[in-house]
Amino acid sequence: MLKKSMEKIYLFSIIALLIQVTLIESHTSFGRCPTVKHENNYFDIKAYEGVWYEQIRNSDFFIEKGECAIDDLKILNDNEYQVLNTEISKKDGTLNTRHASMKLYNIKNPFNYGIKFFDLQPRADYQIFDTDYKSFAIVYSCTNLLFAKYELIWIMSRQPEMDKNILENLTVRIEKELNISRKVFYYTNQSEEICKRNRK
């Protein structure tokens with residue numbers, strides 16, 4: 001009887017350890033997605049339109065694995081937007097492109113959109129956590145699972161490379177206000193040497 005009890009404890013310990021490692025590595029955590037609040041309820045999608053250079057993303061994000069990532073958002077009509085995502089493969093240096101469809105979830109929350117890359121894919125959460133439109137944007141995504149939530153975060157810039165002090169200040173905000181650790185961040189390489197862009 002004691003042996004069976006010990007086996008159960010051992011099994012549960014292994015399961016708990018695996019869950020803990022999974023949560024740390026993927027930034028899946030227990031709890032529900034937070035309601036992101038903004039000081040005012042005004043978001044200017046026209047000012048947000050255009051090219052954004054990725055500075056930071058989750059290290060475990062399965063869709064993006066390359067460098068030099070760019071999002072180019074275009075307004076199609078009142079509630080339909082197209083996002084062209086490009087990146088350079090770290091394996092062979094090829095340019096990978098993805099087209100995404102984005103729509104506003106709720107007119108009462110102009111910061112919260114749904115995005116999908118495939119026709120049959122359910123729209124994923126895409127929230128503009130904060131932006132000044134001209135230099136930076138913090139994009140946040142959260143999906144409720146059965147007993148947990150899966151969060152993704154991006155820091156974007158209007159320029160290929162962001163000032164390190166500004167990037168650090170935005171990182172601190174994410175850690176304090178969204179409780180997402182910088183340990184899960186991947187710092188995207190936007191250097192001219194790797195990305196080979198014509199810069200003005």
Side-chain angles (χ1 to χ4, degrees), residues 23-29 33-34 36-40 42-74 81 83-90 93 95-98 100 102 110-113 115 124-143 149-200:
L23 294 180
I24 292 171
E25 291 299 320
S26 69
H27 202 69
T28 303
S29 57
C33 291
V36 177
K37 296 181 180 179
H38 300 272
E39 290 184 6
N40 62 66
Y42 176 74
F43 176 68
D44 187 350
I45 188 66
K46 289 184 179 179
Y48 189 80
E49 184 180 20
V51 173
W52 290 97
Y53 296 87
E54 180 183 274
Q55 305 298 305
I56 283 174
R57 68 171 183 261
N58 287 64
S59 57
D60 66 317
F61 187 39
F62 70 96
I63 291 180
E64 292 185 62
K65 294 295 182 184
E67 305 290 2
C68 313
I70 297 176
D71 282 354
D72 187 0
L73 184 141
K74 295 188 183 303
Y81 314 94
V83 181
L84 174 62
N85 174 263
T86 61
E87 66 176 4
I88 293 177
S89 170
K90 288 191 284 189
L95 181 67
N96 298 324
T97 62
R98 289 178 290 267
M102 194 170 87
F111 298 88
N112 196 185
Y113 293 79
I115 191 168
D125 183 52
Y126 185 100
Q127 301 184 51
I128 314 302
F129 179 76
D130 193 14
T131 184
D132 67 352
Y133 304 103
K134 297 179 181 179
S135 62
F136 81 91
I138 300 174
V139 178
Y140 173 65
S141 175
C142 187
T143 302
K149 61 182 182 293
Y150 179 65
E151 295 172 295
L152 294 169
I153 196 78
W154 293 265
I155 295 178
M156 313 293 287
S157 172
R158 286 296 194 186
Q159 300 298 322
E161 294 174 353
M162 179 180 279
D163 179 273
K164 291 182 179 179
N165 291 326
I166 296 174
L167 189 62
E168 174 63 18
N169 290 337
L170 296 176
T171 298
V172 170
R173 281 196 61 195
I174 289 169
E175 290 187 308
K176 287 184 176 180
E177 297 177 35
L178 290 173
N179 198 30
I180 297 177
S181 171
R182 68 179 70 202
K183 292 179 181 179
V184 304
F185 289 179
Y186 179 81
Y187 293 81
T188 309
N189 192 332
Q190 295 284 3
S191 68
E192 188 172 2
E193 180 183 1
I194 299 295
C195 304
K196 297 179 175 61
R197 298 192 185 101
N198 293 322
R199 300 193 181 179
K200 297 180 181 179

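Nothing fancy with the numbering, it's 1 onward along the sequence.
Looking at heavy atoms from C-beta onward, K90 lies in side-chain contact with E67 at the 4.5 angstrom threshold.
Here NZ of K196 is found 12.0 Å from CG of L95. Values are rounded to the nearest 0.5 Å. Note that CG of L170 and CD1 of I155 are 5.0 Å apart. Values are rounded to the nearest 0.5 Å. Taking CG of L178 as the start and CD of E151 as the end, the distance is 7.0 Å to the nearest 0.5 Å. Taken from CD in Q127 to SG in C142, the straight-line distance is 7.5 Å, to the nearest 0.5 Å. Here the CD1-OH distance, from I45 to Y133, works out to 8.5 Å after rounding to the nearest 0.5 Å. Atom OH of Y140 sits about 15.0 Å away from atom OH of Y126, to the nearest 0.5 Å.
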(request) Determine, stepwise, if the pair Y186 / E64 fulfils side-chain contact (heavy atoms from CB on, under 4.5 Å). (result) CA-CA 10 Å; Y186 179 81; E64 292 185 62; over 6 Å; no
(request) Tell me, with the steps shown, if E87 and R98 meet salt bridge (charged side-chain N to carboxylate O under 4.0 Å, His left out). (result) CA-CA 9 Å; E87 66 176 4; R98 289 178 290 267; 3.5 Å; yes
(request) Take W52 and W154 through the test side-chain contact (heavy atoms from CB on, under 4.5 Å) and record every step on the way to the result. (result) CA-CA 11 Å; W52 290 97; W154 293 265; over 6 Å; no
(request) Apply side-chain contact (heavy atoms from CB on, under 4.5 Å) to the pair I180 and E175, showing each step before the final yes or no. (result) CA-CA 5 Å; I180 297 177; E175 290 187 308; over 6 Å; no
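In this structure, S141 contributes its side chain and D125 its backbone to a donor-acceptor pair below 3.5 Å. Looking at Q190, its side chain never comes within 3.5 Å of a backbone N or O of C195 through a donor-acceptor pair. Side-chain N or O atoms of T131 include one that pairs as donor or acceptor with a backbone N or O of F136 at under 3.5 Å. Under a 3.5 Å cut-off, the side chain of S89 and the backbone N or O of G66 do not form any donor-acceptor pair. With R57 contributing its side chain and I153 its backbone, the two residues share no donor-acceptor pair below 3.5 Å. Q55 places a side-chain N or O within donor-acceptor distance of the main-chain N or O of P160, the cut-off being under 3.5 Å.
Counting heavy-atom neighbours within 6.0 Å of Q159 CD, excluding the residue itself, gives a total of 12 or less. No more than 12 heavy atoms of other residues, nucleotides or ligands lie within 6.0 Å of NZ in K74, so this atom counts as exposed by the packing criterion.
In terms of heavy-atom proximity, M156 sits nearest to M162 at O-CE, 3.6 Å. For the pair C68 and I88, the tightest heavy-atom approach, listed with the atom from each and the gap, is SG-CD1, 3.8 Å. Heavy-atom minimum distance, H38 versus I128: CE1-O, 3.2 Å.
Between E168 and R182 there is a salt bridge, with a side-chain nitrogen of the basic residue lying less than 4.0 Å from a carboxylate oxygen of the acidic one.
The aromatic rings of F111 and F43 sit tilted, their planes meeting at an angle between 30° and 60°.
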